[in-house]
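Structure first, commentary second.
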Amino acid sequence: MEAPAAFVAPPQPEAATAVVLPERLQRREAERQQGVERQRQKKEAQVVKEEQSEFFVAAFAREREAVEALLTAGSLEEAAARLQGLQKLLTESVRFLAPYEVRQGQEAVARLQGDLAARRQQLQPKKKFAFRALKKEAPPGSEPRPAEPARPAAAAATPGPGPGPAEGEAGGPPLCGFSRAEDEELELGPAELLQRDVVLSELRGCRVRLRGNANTLRVRNCRGCTVLCGPVSTSVLVDGCSDCLLVLACQQLRTHRTRDSRFYVQVTSRAVIEGCTKVSFAPYTWSYPGMERDFESSGLDRNRNNWKLVDDFDWLATDKPSPNWSLIPEQERISCWD
């Protein structure tokens, strides 16, 4: 008689489910705890950010009032030094400030820079009166002497009718720079630029070389120009320009109402554009003898360059890039400027 076959019980699905279920619960609990931790860290970071913002607002207001008092007292060199410190405070605080706070700070600094330029012009000693020799009349029959070719209006140029001052620019003639030139090669050196406020306005088809350390630079209403500029201690404002090539090193770059222009920049804060179209950016590549000395004088950090961080105040979407600016492709970038 054969022995009965051994009975094998079928697998119980309930047992497998009993093992898997706790693992799912554990995984969900771990994810929940991670979410709670992320929220806690986010809240702490927000508190720190608010505290930093409050500190900045108080410190900025205190320094701004000090600069205004120095300007009123006529202590312009000390005011310029404090204003440079104010610009540095704003630049170092950009990473935790809200966009509207950055904009308010930039506008305050630009206004103070304009006030400083105006006070310098106001306190500039007036030229002493001197008798001028009478022009001798040419003898009869002699040929008149040909007139000398006109030169571009420079620092002492008298402004005629035209567009009003750009943002941050004081009215009246520029203290240093060029105005209303066409198809000219223009240049200023270290002695002429050292901590001066420079204005380039209404130039057409010019090539400008600024070898030295200026305090501020304003490029206003220029067309088809190339501007090569050494380190600027504080800010550069480009306003109302088109078809220009600008090579700039500065703490702060603001560009308004500008189109079809290329920028090669060394900038320690984020560049700002407003009312601009078809502007593009690449890193700063110009060099000239003595540039390292000018960078030391300017206080700019050569190892810090935010050339591709651009804030477009006309583009508020965070999930799509602004169509108003772009990066210059590497194969199209200029490396030799001579």
Side-chain angles (χ1 to χ4, degrees), residues 71 76 79-80 83-84 87 106-107 109-124 150-242 244-258 261 263 265 267 272 294 298:
L71 289 174
L76 302 190
L83 182 54
Q84 188 171 347
Q87 174 69 69
Q106 291 173 338
E107 290 174 350
V109 169
R111 179 181 60 78
L112 289 173
Q113 288 169 345
D115 292 345
L116 176 61
R119 286 290 283 162
R120 278 178 170 160
Q121 184 175 350
Q122 182 182 0
L123 298 178
Q124 196 174 28
R151 297 295 300 166
T158 302
E167 178 191 342
E169 180 182 331
L175 297 181
C176 179
F178 300 100
S179 178
R180 298 182 180 177
E182 186 170 350
D183 298 325
E184 294 276 357
E185 292 276 343
L186 309 172
E187 185 166 345
L188 292 173
E192 299 162 300
L193 291 172
L194 184 58
Q195 289 302 305
R196 300 292 300 276
D197 298 315
V198 182
V199 178
L200 306 176
S201 66
E202 300 181 48
L203 304 180
R204 300 291 182 269
C206 293
R207 185 178 181 88
V208 184
R209 293 182 181 87
L210 304 176
R211 292 186 172 95
N213 168 216
N215 180 49
T216 65
L217 173 65
R218 303 288 180 268
V219 185
R220 174 175 172 249
N221 295 331
C222 293
R223 305 285 183 272
C225 295
T226 296
V227 177
L228 304 172
C229 183
V232 176
S233 294
T234 56
S235 68
V236 173
L237 171 64
V238 179
D239 187 22
C241 297
S242 64
C244 287
L245 178 58
L246 302 112
V247 187
L248 310 165
C250 56
Q251 277 195 14
Q252 180 190 69
L253 171 63
R254 293 177 298 128
T255 305
H256 296 174
R257 303 181 305 153
T258 294
S261 296
F263 292 79
V265 298
V267 58
V272 171
D294 292 334
S298 70

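Atoms OG and CZ, from Ser261 and Arg223 in turn, are 9.0 Å apart once rounded to the nearest 0.5 Å. One finds the CZ atom of Arg207 at 14.0 Å from the CD atom of Glu184 (value rounded to the nearest 0.5 Å). To the nearest 0.5 angstrom, Cys225 atom SG is 7.5 Å from Arg204 atom CZ. Distance check: Glu182 CD to Glu202 CD gives 12.0 Å after rounding to the nearest 0.5 Å. Rounding to the nearest 0.5 angstrom, the gap separating the OG1 atom in Thr234 from the CG atom in Leu112 is 11.0 Å. Interatomic distance, CD of Gln251 versus OG of Ser235, reported as 9.0 Å (0.5 Å rounding).
For the residue pair Gly177 and Leu200, the shortest heavy atom distance occurs at CA-CD2, 4.4 Å. Here the closest non-hydrogen pair linking Asp294 and Gly212 is OD2-CA, 3.3 Å. Scanning both residues, Leu253 and Val238, for their nearest heavy atoms gives CD1-CG2, 4.3 Å.
Using a cut-off of 4.0 Å between Lys/Arg side-chain N and Asp/Glu carboxylate O, Arg119 and Asp115 are scored as not salt-bridged. Between Asp239 and Arg220 no salt bridge is recorded (no basic side-chain N to carboxylate O distance below 4.0 Å).
Between the side chain of Asn215 and the backbone N or O of Asp197, no donor-acceptor pair lies under 3.5 Å.
Inspection of the Ser179 and Ser201 side chains reveals an N or O donor paired with an N or O acceptor under 3.5 Å.
Side-chain contact check for Leu248 versus Val232: every heavy-atom pair is 4.5 Å or farther apart. Annotation: side chain of Leu217 is in contact with side chain of Cys229 (closest heavy-atom distance under 4.5 Å).
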